[in-house]
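Here is the structure we will look at.
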Amino acid sequence: ILAQWGPTGVERYRSHFVFDLIHPLLFGAFGWVSVRTSPLFSGITGVQERALRWLLPLAAGFDYVENSCQLRLLAVPLGTSDWLVPVSATAATIKWMLASVFVVCLVWRFIRWNMGPATSTGRD
């Protein structure tokens, strides 16, 4: 892929890492703060709260592993660190799985929060 991109494409790809090094901090902090402070997550157990709170910070950590592998691949001659490709892909997969679980939980909690407390119909 890098050979097909050529020097200009590789440099363009390398330049995005300035932003991609900040991005995981932002979404990791968002996950932590939203679980700790949002009323969406009130009423969950302590274990659930800790698990949800760590999902996006852990995803951010795997994003940094992915970024580190990719930056290393860009810094060495083509084909010399091929083992980093599956490491990067695995880190990316774990990152997206953790982020997806967080989004599913967030949507579920939003739906539950939006429905409010159940009301009696008088037909009990």
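Quick caveat, the model's predicted, so the values are computed rather than measured. We use all heavy atoms of the structure for the numbers below, so side chains are in, but hydrogens, waters and symmetry mates are not.
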Which pair of non-hydrogen atoms, one from [X] and one from [Y], has the smallest distance, and what is that distance?
X     : Y     : result
Gln48 : Thr45 : OE1-N, 2.9 Å
Trp32 : Pro57 : CE3-CG, 4.1 Å
Ala60 : Gly28 : CB-CA, 4.4 Å
Val65 : Ala91 : CG1-CB, 3.8 Å

Taking atom types as modelled and ignoring hydrogens, do the side chains of Glu11 and Thr8 form a donor-acceptor contact shorter than 3.5 angstrom?
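Per modelled atom types, Glu11 and Thr8 side chains form no pair under 3.5 Å.
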Distance-only, no hydrogens or angles: does the [X] side chain make a donor-acceptor pair with backbone N or O of [Y] under 3.5 Å?
X      : Y     : answer
Tyr64  : Leu21 : yes
Arg109 : Leu40 : yes
Asn67  : Asp20 : yes

Which of parallel (below 30°), tilted (30 to 60°) and perpendicular (above 60°) describes Phe102 and Phe41?
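Judged by the thresholds at 30° and 60°, the geometry between Phe102 and Phe41 is tilted.
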Could you tell me how the ring of Phe110 sits relative to the ring of Trp113: parallel (under 30°), tilted (30 to 60°) or perpendicular (over 60°)?
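The arrangement is tilted - the two ring planes meet at 30° to 60°.
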Atom pair [atom1] ([X]) and [atom2] ([Y]), whose distance is rounded to the nearest 0.5 Å:
X      : Y      : atom1 : atom2 : result
Ser38  : Phe30  : OG    : CZ    : 8.0 Å
Cys105 : Arg112 : SG    : CZ    : 12.0 Å
Asp63  : Lys95  : CG    : NZ    : 4.0 Å
Thr93  : Met97  : OG1   : CE    : 8.0 Å

Return yes when atom [atom1] of [X] has more than 12 non-hydrogen atoms of other residues, nucleotides or ligands closer than 6.0 Å, and no otherwise.
X      : atom1 : answer
Trp108 : CH2   : no
Phe62  : CZ    : no
Arg12  : CZ    : no

For residues [X] and [Y]: do they belong to one hydrophobic cluster (side chain heavy atoms under 4.5 Å, members Ile, Leu, Val, Met, Phe, Trp, Tyr)?
X      : Y      : answer
Ile44  : Leu98  : yes
Phe17  : Leu25  : no
Val103 : Ile111 : yes

Close aromatic pair by centroid cut-off 6.0 Å: His23 and Phe19:
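No.
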Between side-chain atoms of residues 71-89 and protein atoms elsewhere (two or more places apart, or another chain), which donor-acceptor pairs fall under 3.5 Å?
residue, atom, partner, partner atom, Å
Thr80, OG1, Pro77, O, 2.7
Ser88, OG, Gln70, NE2, 3.4

Do Leu52 and Leu106 come within less than 4.5 Å of each other through their side chains, counting heavy atoms only?
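The answer is no; the side chains never approach within 4.5 Å.
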